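No experiment lies behind these values; they were computed from the predicted model shown. Every chain is numbered from 1, with letters handed out A, B, ... down the list of sequences.
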Amino acid sequence: MKSEPDTFGINDLYNKPDRTEHWDGVRNYQARNMMRDDMKLGDQVFFYHSNCDVPGIVGIMEVVKEGYPDFSAFDPDDKHFDPKSDPEHPRWIMVDVKYLRTLSRTITLKELKDKEELADFALVRRGNRLSIMPVGKDQWEFILSLE
DNA sequence: GCCAACGTTGGC
DNA sequence: GCCAACGTTGGC
């Protein structure tokens with residue numbers, strides 16, 4: 001899962017009560033579908049810092065609540081308000097994630113791009129702007145072996 | 001249903 | 001700040 005550290009970085013998650021936060025504001029159907037269908041309780045997730053000096057994977061979190069309506073879409077004052085979504089027919093979904101740990105160093109996008117083993121990893125494929133993307137088991141283990 | 005215009009993302 | 005790569009919107 002990507003987030004801009006200027007907006008919400010891994011330290012912000014760490015400082016939340018219970019080190020837990022709902023991942024609201026995702027307004028992309030592919031990403032929504034992953035939160036709705038694929039992300040299960042206990043699944044581990046990489047925290048990726050985007051749009052910053054050193055983009056890369058900085059930590060690990062865990063899904064502690066499976067997909068449920070993103071209520072930020074219901075609030076006209078919210079930046080992510082969507083008039084087409086309402087509590088009866090919620091259009092957008094979020095999950096809750098909990099901080100597990102910060103990596104001993106940032107595994108940078110640059111080095112991820114250089115690895116033959118990650119040629120199929122969605123993050124390093126050209127033009128991919130999805131804010132949430134799947135990580136295969138082998139990819140997960142390989143990435144962690146770089147730490 | 002097509003497609004041009006426009007907005008957003010995010011690396012650089 | 002630039003710009004490539006998309007996703008969305010809306011006219012037709």
Side-chain angles (χ1 to χ4, degrees), chain A residues 1-16 19-39 43-63 65-136 138-147:
Chain A
M1 294 175 117
K2 293 183 189 174
S3 187
E4 304 187 8
D6 287 349
T7 306
F8 186 79
I10 190 155
N11 290 332
D12 297 307
L13 179 61
Y14 180 87
N15 288 323
K16 286 286 168 183
R19 299 181 180 177
T20 296
E21 180 64 304
H22 43 268
W23 204 267
D24 64 306
V26 173
R27 296 292 180 267
N28 170 281
Y29 287 104
Q30 257 184 284
R32 178 204 66 181
N33 293 349
M34 278 185 267
M35 289 197 286
R36 185 187 61 193
D37 304 331
D38 301 330
M39 299 180 69
D43 282 355
Q44 294 192 11
V45 182
F46 285 134
F47 197 125
Y48 177 90
H49 277 178
S50 66
N51 212 0
C52 56
D53 283 352
V54 185
I57 296 168
V58 295
I60 299 175
M61 46 195 180
E62 178 184 0
V63 176
K65 182 171 180 176
E66 293 181 5
Y68 65 108
D70 179 345
F71 48 73
S72 70
F74 308 149
D75 177 3
D77 295 327
D78 193 284
K79 187 186 172 201
H80 301 290
F81 174 62
D82 182 353
K84 293 172 186 158
S85 187
D86 64 71
E88 267 75 64
H89 303 93
R91 175 172 298 210
W92 302 112
I93 297 292
M94 62 186 173
V95 298
D96 287 0
V97 287
K98 178 172 186 168
Y99 173 96
L100 285 186
R101 72 181 180 92
T102 300
L103 300 188
S104 55
R105 66 181 190 87
T106 299
I107 299 175
T108 66
L109 175 62
K110 185 174 188 309
E111 66 185 297
L112 295 174
K113 278 180 166 173
D114 285 341
K115 304 295 182 195
E116 187 107 0
E117 293 87 340
L118 297 176
D120 292 331
F121 185 33
L123 179 72
V124 303
R125 295 234 292 274
R126 216 168 108 247
N128 201 319
R129 303 175 308 155
L130 268 184
S131 63
I132 300 176
M133 41 188 97
V135 184
D138 291 346
Q139 292 168 344
W140 178 277
E141 283 166 7
F142 177 77
I143 290 166
L144 274 186
S145 78
L146 302 173
E147 184 181 1

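- Distances shown here put a side-chain N or O of A/Lys113 below 4.0 Å from the OP1 or OP2 atom of B/dC12.
- For A/Asp53, the CG atom is loosely surrounded, since the number of other residues' heavy atoms within 6.0 Å does not exceed 12.
- Residue A/Tyr48 places no side-chain N or O under 4.0 Å from the OP1 or OP2 atom of B/dT9.
- Ranking B/dG11, B/dG10, C/dG7 by closeness to the A/Pro55 side chain, first place goes to B/dG11.
- If you check every strand for non-hydrogen atoms under 4.0 Å, A/Lys110 touches nothing.
- Positionally, the nearest nucleotide of DNA chain C for A/Arg129 lies more toward the 5' end than for the other of A/Arg129 and A/Lys84.
- Nucleotide B/dT9 holds its P atom 18 Å from the CG atom of A/Leu109, rounded to whole Å.
- Nucleotide C/dT8 holds its P atom 10 Å from the CZ atom of A/Arg91, rounded to whole Å.
- Between the CZ atom of A/Arg32 and the C1' atom of C/dG7 there is a distance of 14 Å, rounded to whole Å.
- Following rounding to the nearest Å, A/Asp53 (CG) and C/dG1 (P) show an atom-to-atom distance of 16 Å.
- Atom OH of A/Tyr29 is surrounded by more than 12 heavy atoms from other residues, nucleotides or ligands within 6.0 Å.
- Atom pair A/Asn28:CG and C/dT9:P shows a separation of 12 Å (rounding to whole Å applied).
- Here the side chain of A/Glu147 pairs no donor or acceptor atom with the backbone of A/Ile107 at under 3.5 angstrom.
- A straight line from CG of A/Leu130 to P of B/dG11 spans 13 Å, rounded to a whole angstrom.
- Per the geometry, CD belonging to A/Glu4 stands 9 Å off P belonging to B/dG11, to the nearest Å.
- If A/Arg27 and A/Asn51 are placed on DNA chain C by their nearest nucleotide, the residue sitting closer to the 5' end is A/Asn51.
- Counting to the nearest Å, the P atom of C/dG7 and the CE atom of A/Met133 are 12 Å from each other.
- The shortest distance between the side-chain N/O atoms of A/Lys2 and the OP1/OP2 oxygens of B/dG10 is below 4.0 Å.
- With A/Tyr48 as the partner, the side chain to side chain contact (heavy atoms under 4.5 Å, CB included) test is satisfied by one option alone out of A/Pro55, A/Ser3, A/Pro5: A/Pro55.
- A 4.5 Å side-chain heavy-atom check between A/Trp23 and A/Val63 finds every atom pair outside the cut-off.
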